[in-house]
Amino acid sequence: MSKNHPTPRPNDYASALFEKLGSELTPEHLVEALTHRSFTHEHSGAPSYERLEFLGDAVLELVVTETLYANHPHFSEGQMAKIRAKAVSEECLAPIARDYLHVGPMILLGRGEYDDGGNDKDSILCDIFESLVGAVFIEHGIEAARATVHRLIDETLEKVTHEGPALDWKTSLAKIAHELGINELTYRMEVGGPDYAQVFTAYAQLEPNAASEALGVDATQPLGSGQSSTKRKAQLLAAEVAWKTLHALQTSQTQAAQTQADRTAQTEHTAENDHDADSQQRETA
């Protein structure tokens with residue numbers, strides 16, 4: 001997109017987009033679905049994508065929910081809620097909008113937002129994903145919108161369904177810390193950079209106790225750290241590093257315990273054989 005902000009039309013970008021959506025959109029709905037509020041502030045009367053985004057968000061959650069319900073009859077409500085939350089998150093939707101739909105060059109932005117790289121921001125790309133789903137629903141109904149969602153997100157949903165600890169690193173970290181007897185876990189935050197481009201750094205920190213000392217963890221140092229443009233993402237990155245550290249320690253601890261148990265069993269078995277041999281010799285004598 002040039003700095004003159006040309007209005008999208010059914011050109012190569014739009015044709016490729018329609019093919020990937022599985023549905024075509026009228027110019028009016030396409031423009032609305034691609035218009036950020038910063039553009040509307042500079043061009044009075046131009047509707048932003050926010051209403052379509054609101055609608056698309058609801059359609060997306062419905063389709064993901066019914067898919068999980070139908071495909072995984074043994075999943076609990078809690079399991080489905082976590083998987084759905086991850087599948088429809090900014091983390092999952094933004095890459096689809098950027099790398100598969102290639103909507104970045106088509107987004108209409110105000111000059112300030114455009115100069116700040118708004119057409120590559122995860123938050124805006126996620127919004128655009130949802131607004132396009134909403135536009136398909138408005139024009140073609142729920143069946144077409146359902147088909148679009150499946151085309152775009154089924155692969156991601158399948159991957160997320162089998163992510164295990166990666167589904168929610170913070171919850172997974174809290175769980176493994178509890179299993180190891182480490183109950184105090186905090187996130188220390190640092191913020192840097194200018195106001196318009198803040199960088200958050202999170203440190204996952206353990207409170208020292210007997211359990212952490214037994215594991216050989218230096219509780220004076222962060223167990224994991226992460227850096228991102230949002231507080232939540234930074235904490236998730238820190239939690240991921242910390243979980244992997246604790247999991248390695250837990251695995252080592254389990255293996256050491258198993259090795260010791262095997263040695264004890266072998267010693268007892270040897271002693272028992274020696275005892276049987278002695279008894280047999282006495283009987284023979």
Side-chain angles (χ1 to χ4, degrees), residues 60-61 64 68 72 75-100 120-127 129 153-193 197-209 211-256:
L60 180 60
E61 288 218 357
V64 170
L68 288 171
H72 302 283
F75 280 8
S76 68
E77 181 271 341
Q79 286 176 294
M80 291 190 292
K82 287 182 179 180
I83 294 170
R84 181 183 63 191
K86 180 67 177 289
V88 302
S89 68
E90 180 182 302
E91 176 186 351
C92 288
L93 300 185
I96 298 174
R98 177 189 295 110
D99 303 325
Y100 181 68
D120 196 44
K121 287 183 178 178
D122 284 356
S123 57
I124 293 177
L125 290 167
C126 177
D127 291 347
F129 183 107
I153 207 171
D154 273 3
E155 184 177 342
T156 297
L157 183 57
E158 179 66 17
K159 178 182 177 182
V160 169
T161 300
H162 298 95
E163 277 194 339
L167 189 60
D168 184 347
W169 285 116
K170 291 182 70 174
T171 299
S172 297
L173 175 59
K175 180 180 179 182
I176 194 172
H178 179 72
E179 290 172 354
L180 293 170
I182 305 171
N183 297 319
E184 296 298 326
L185 179 68
T186 59
Y187 292 90
R188 178 168 58 86
M189 300 299 304
E190 293 179 357
V191 184
Q198 289 186 323
V199 176
F200 294 86
T201 303
Y203 300 94
Q205 195 89 33
L206 297 178
E207 293 295 329
N209 65 3
S212 62
E213 291 176 4
L215 285 169
V217 175
D218 182 0
T220 65
Q221 299 297 318
L223 195 61
S225 64
Q227 192 173 80
S228 182
S229 58
T230 69
K231 178 180 177 181
R232 177 179 177 277
K233 285 184 180 179
Q235 290 185 349
L236 286 173
L237 290 171
E240 178 182 355
V241 175
W243 183 91
K244 290 178 178 178
T245 300
L246 286 184
H247 183 257
L249 291 171
Q250 185 184 50
T251 300
S252 177
Q253 187 182 62
T254 301
Q255 290 175 341

Working to the nearest 0.5 angstrom, can you tell me the gap between [X] [atom1] and [Y] [atom2]?
X: Gln227; Y: Glu190; atom1: CD; atom2: CD; answer: 9.5 Å
X: Cys126; Y: Lys121; atom1: SG; atom2: NZ; answer: 14.5 Å
X: Thr161; Y: Leu68; atom1: OG1; atom2: CG; answer: 5.5 Å
X: Asp122; Y: Asp127; atom1: CG; atom2: CG; answer: 10.5 Å
X: Leu157; Y: Lys159; atom1: CG; atom2: NZ; answer: 12.5 Å
X: Tyr187; Y: Leu236; atom1: OH; atom2: CG; answer: 7.5 Å

### Task
Would you indicate whether Lys233, at its atom NZ, is surrounded by more than 12 heavy atoms from other residues, nucleotides or ligands within a distance under 6.0 Å?
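Enclosed: over 12 neighbouring heavy atoms sit under 6.0 Å from NZ of Lys233.
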
### Message
Does Glu155, at its CD atom, have more than 12 non-hydrogen atoms belonging to other residues, nucleotides or ligands within less than 6.0 Å?
### Response
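Count not over threshold, so no.
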
### Query
So, do Ser225 and Tyr203 sit near enough that their side-chain heavy atoms are less than 4.5 Å apart?
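In contact.
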
#### Entry: Side chain proximity check, Ile83 to His72, heavy atoms < 4.5 angstrom
no

Tell me the closest heavy-atom pair linking [X] and [Y], and the distance in Å.
X: Ser123; Y: Glu90; result: CA-OE1, 3.4 Å
X: Met189; Y: Ala234; result: CE-CB, 4.4 Å
X: Val88; Y: Leu93; result: O-CD1, 3.4 Å
X: Ser172; Y: Trp243; result: O-CD1, 3.4 Å
X: Ala238; Y: Gly226; result: CB-N, 3.7 Å
X: Ala87; Y: Cys92; result: O-CB, 3.5 Å

### Task
Would you list the pairs meeting salt bridge (Lys or Arg N to Asp or Glu O under 4.0 Å) in which at least one residue belongs to residues 170-180, sequence neighbours left out?
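Residue pairs with at least one partner in residues 170-180: there are none.
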
#### Entry: side chain to side chain contact (heavy atoms under 4.5 Å, CB included) against Ala242, all qualifying residues, sequence neighbours excluded
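If we apply the side chain to side chain contact (heavy atoms under 4.5 Å, CB included) test to Ala242, skipping adjacent residues, the hits are Leu173, Ala204, Leu223.
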
### Message
Treating Arg98 as the side-chain partner and Asp120 as the backbone partner, does any N or O pair qualify as donor plus acceptor under 3.5 Å?
### Response
yes

### Short side-chain to backbone donor-acceptor contact, Ser89 and Lys86, under 3.5 Å
yes

### Query
Any ion pair linking Glu240 and Lys244 (charged N to carboxylate O, less than 4.0 Å)?
yes

